[in-house]
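Below, all heavy atoms of this structure are taken into account, side chains as well, without hydrogens, waters or symmetry copies. Remember, it's a predicted structure, so these values are computed and weren't measured experimentally.
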Amino acid sequence: MIISSVEKLIDGKLPGQVQFNVTIREACKRMCELNVGALVVFDQQQLVGILSERDIIRRCLGIDLPVDETAVAMVMTKTPITIDAGSSLANALEVMQTGGFHHLPVTKDGQLIGLLELDDIPEEYHLLLEQFKELRGR
């Protein structure tokens, strides 16, 4: 299966979102409602971060911060890298691997239209990218 762009893969699926000043508990409830592992974080209408389950575990629960008092802004991954909707999956995968992250906000004309997750990318793209890197390294 060939997917021509990131936009085709996310297929109009809008990401869950929260404001930067809500508590971790509120954000966790939102994640549960949406059955997602990450949310995009906004300050008004400006994308300012991503909050993942990993962020919550490592930067909140792991150091005993109170979930009812800790704001998302204290725990989130700040100023996330984004990718344009027209980019290829290989490009998105390389950005994610290079940056070491699992979630990548997708923009179109400067507006957030989705959140690409590493697990969304079909396995054959992972394999093709690895083969390409091997050939390029020779």
- prompt: Can you get from Leu34 to Val40 by hopping between Ile, Leu, Val, Met, Phe, Trp and Tyr side chains that sit under 4.5 Å apart?
  reply: no

- request: Look at the side-chain heavy atoms of Ile, Leu, Val, Met, Phe, Trp and Tyr, link any pair under 4.5 Å apart, and say whether Leu14 and Val18 land in one connected group.
  value: no

- prompt: Looking at CD of Glu53 and CZ of Arg58, how far apart are the two atoms once the value is rounded to the nearest 0.5 Å?
  reply: 12.5 Å

Any side-chain heavy-atom pair of Leu104 and Ile81 under 4.5 Å: yes

- prompt: Taking a hydrophobic cluster as the set of Ile, Leu, Val, Met, Phe, Trp and Tyr residues connected by side-chain heavy atoms closer than 4.5 Å, whether directly or through intermediates, do Ile50 and Ile10 fall within one such cluster?
  reply: no

- request: Heavy atoms only: give me the nearest Val6-Asp84 pair and the separation to one decimal.
  value: CB-O, 4.4 Å

field: Trace of the side chain to side chain contact (heavy atoms under 4.5 Å, CB included) decision for Thr79 with Leu47
entry: CA-CA 8 Å; Thr79 57; Leu47 175 67; over 6 Å; no

message: Between the side chains of Glu26 and Lys29, is the shortest nitrogen-to-carboxylate-oxygen separation below 4.0 Å, so that they form an ion pair?
response: no

- prompt: When you look at CD of Glu33, are more than 12 heavy atoms from neighbouring residues, nucleotides or ligands closer to it than 6.0 Å?
  reply: yes

- request: Return yes if some donor-acceptor pair links the side-chain N/O of Gln19 with the main-chain N/O of Gln44 below 3.5 Å, else return no.
  value: yes

- prompt: Between Asp68 and Thr23, does any side-chain donor sit less than 3.5 Å from a side-chain acceptor?
  reply: no

- request: Please tell me if the side chains of Pro15 and Leu39 come closer than 4.5 Å, counting only heavy atoms from C-beta onward.
  value: no

field: side chain to side chain contact (heavy atoms under 4.5 Å, CB included) involving Lys108 - partner list, sequence neighbours excluded
entry: Glu7, Ala85, Ile113

task: Measure across Val75 and Cys60 and return the closest heavy-atom pair with its distance rounded to 0.1 Å.
output: CG2-CB, 4.0 Å

field: Shortest non-hydrogen contact between Gln17 and Arg30, atoms and distance
entry: O-NE, 3.6 Å

task: Compare all side-chain heavy atoms of Arg54 with those of Arg59 and state whether any distance is below 4.5 angstrom.
output: no

- prompt: Given Leu61 and Val67, is the side chain to side chain contact (heavy atoms under 4.5 Å, CB included) satisfied, shown in steps?
  reply: CA-CA 8 Å; Leu61 300 176; Val67 295; 3.7 Å; yes

- prompt: Heavy atoms, side chains only, cut-off 4.5 Å: are Leu118 and Phe101 in contact?
  reply: no

statement: Rounded to the nearest 0.5 Å, the CG atom of Leu89 sits from the CD1 atom of Ile121 at a distance of 6.0 Å

task: Supply the atom-to-atom distance Met96 CE to Asp120 CG, rounded to the nearest 0.5 angstrom.
output: 8.0 Å

query: Which value, rounded to the nearest 0.5 Å, describes the distance between His103 atom NE2 and Asp55 atom CG?
result: 9.0 Å

- line: Closest non-hydrogen atoms of Met31 and Ile56, given as atom of the first, atom of the second and distance, are SD-CD1, 3.9 Å

field: Over all atoms of both residues, closest heavy-atom pair of Met76 and Val41
entry: SD-CG1, 3.5 Å

- prompt: Between the side chain of Ser87 and the main-chain N/O of Ile83, is any donor-acceptor distance below 3.5 Å?
  reply: no

Minimum side-chain heavy-atom gap Asp43-Phe20 below 4.5 Å: yes

- prompt: Using a distance-only test with no angle check, is there a side-chain donor-acceptor pair under 3.5 angstrom linking Asn91 and Ser88?
  reply: no

message: Using the rule that Ile, Leu, Val, Met, Phe, Trp and Tyr join whenever any side-chain heavy atoms are under 4.5 Å apart, tell me whether Leu51 and Phe42 fall into a single cluster.
response: no

message: If hydrophobic clusters are built by linking Ile, Leu, Val, Met, Phe, Trp and Tyr wherever their side-chain heavy atoms come under 4.5 Å apart, do Val22 and Val36 end up in the same one?
response: yes

message: Which heavy atom of Ala73 sits nearest to which heavy atom of Lys78, and what is that distance?
response: O-NZ, 3.0 Å

- prompt: So how far is it from Leu9 CG to Glu117 CD, rounded to the nearest 0.5 Å?
  reply: 10.5 Å

